[in-house]
Amino acid sequence: MLHRTVKHLAAGYDRVRPPGTGVVILAYHRVGAGTTSRVDVPRSAFDDQMAMLADSGRVIDLDAAVDLLEGTASTTTASPVVITFDDGTGDFVDNAVPILSTYGLPATLYLSTAWVDREEPFWGTGAPLSWAALRDIGSTGLVDFGSHTHDHVLLDRTDPTTVAAQLDLANERIEDELHTTPTHFAYPKALEPNADSLALVRQRFRSAALAGTRPNPIEGTDPHLLRRSPIQSGDDMRWYAAKAAGGMGLEDRLRDVANRLRYRRADR
């Protein structure tokens, strides 16, 4: 009931103060994994969402989005959409990739490489993909791989030496196993980095993504502080369409307050 109330408040706020235009980046974690997590989107819902995006003709890959934000490309679409996933669990290949392939939609998968190396379930649930499965995914040409650090450390509370080691190790593992150099990064837990961490990220990646649930304006967006709109199991097509249009920002601001309290003593 609380989550539904927040969504209604966010939708009402959008009517009073409509979101602007720009690149909308959607953030997924799980698809059809059968868990009770709010970030586990049912497969049927994901299919409906991808069908809507395919019909809209607004989906572009992350490289093209950064081109727009850097001013090296142009678009006739007011709010292009980018599809991204975090972590790298088995349901991505079982449920998400077949649907992405059906609609021909590109996506970026931000990998936490330690879980893949150790074959350790993420947070106790959700077996990670194997490197072999990830190579198969890469061969489809629809999925590119970004970094999510090696151990999913929180950059806002980690010393610079450790941050640098985490970024470099994740990149090395992706380069060694997938034969590609990551150029995009997602901050674990989508938390704002401190100044030292941000500088290290800038040195290594073309872009980096946070939370934010709002569009990234074509002019004036820092590519290393990209905003993403988290998609949840409770997002019916009404809420989903609003997020895909850059709305529901109030929901994210309330979630950010809750997350800062939740993760203030966490280290990963």
Partner set under side chain to side chain donor-acceptor pair (under 3.5 Å) for Asn171, not counting sequence neighbours: none
Distance-minimising heavy-atom pair for [X] and [Y]:
| X | Y | value |
| --- | --- | --- |
| Gly247 | Thr213 | O-CG2, 3.3 Å |
| Pro217 | Leu69 | O-CD2, 3.3 Å |
| Gly212 | Arg227 | CA-CD, 3.8 Å |
| Leu225 | Glu192 | CD2-OE1, 4.2 Å |

Between [X] and [Y], do the side chains contain an N or O donor and an N or O acceptor separated by less than 3.5 Å?
| X | Y | result |
| --- | --- | --- |
| Ser139 | Asp136 | no |
| Asp144 | Thr108 | yes |
| Asp156 | Tyr187 | no |
| Asn95 | Arg43 | yes |
| Tyr28 | Gln49 | yes |
| Asp117 | Trp131 | yes |
| Asp47 | Ser44 | no |

Given side chain to side chain donor-acceptor pair (under 3.5 Å), test Arg58 with Ser79 step by step and report yes or no. CA-CA 7 Å; Arg58 294 166 53 206; Ser79 294; 4.8 Å; no
Taking a hydrophobic cluster as the set of Ile, Leu, Val, Met, Phe, Trp and Tyr residues connected by side-chain heavy atoms closer than 4.5 Å, whether directly or through intermediates, do Leu167 and Ile174 fall within one such cluster? no
Shared hydrophobic cluster, Val81 / Leu100 (ILVMFWY, side-chain heavy atoms < 4.5 Å): yes
Of all residues at least two apart in sequence or in a different chain, which pass the side-chain contact (heavy atoms from CB on, under 4.5 Å) check with [X]?
| X | answer |
| --- | --- |
| Ala170 | Thr113, Ser147, His150 |
| Ala132 | Ser130, Arg135 |
| Thr89 | Arg30, Asp91, Phe122 |

Solution key, residues 178-186 side-chain donor-acceptor pairs under 3.5 Å, sequence neighbours excluded:
residue, atom, partner, partner atom, Å
Thr181, OG1, Glu175, OE2, 3.3
His184, ND1, Ser207, OG, 2.6
His184, NE2, Asp63, OD1, 2.8

Would you call Leu200 and Pro160 a side-chain contact if the rule is heavy atoms closer than 4.5 Å? yes
Contact between Ile231 and Phe85 at the side-chain level, heavy atoms closer than 4.5 Å - yes or no? no
If you measure from [atom1] on [X] to [atom2] on [Y], what distance do you get to the nearest 0.5 Å?
| X | Y | atom1 | atom2 | result |
| --- | --- | --- | --- | --- |
| Tyr110 | Asp87 | OH | CG | 12.5 Å |
| Thr72 | Glu70 | OG1 | CD | 5.5 Å |
| Asp48 | Leu53 | CG | CG | 11.0 Å |

Show the numbers, then the answer: is there a side-chain contact (heavy atoms from CB on, under 4.5 Å) between His148 and Leu109? CA-CA 9 Å; His148 205 34; Leu109 173 60; over 6 Å; no
Hydrophobic cluster mates of Val39, side-chain heavy atoms under 4.5 angstrom, ILVMFWY only, any path? none
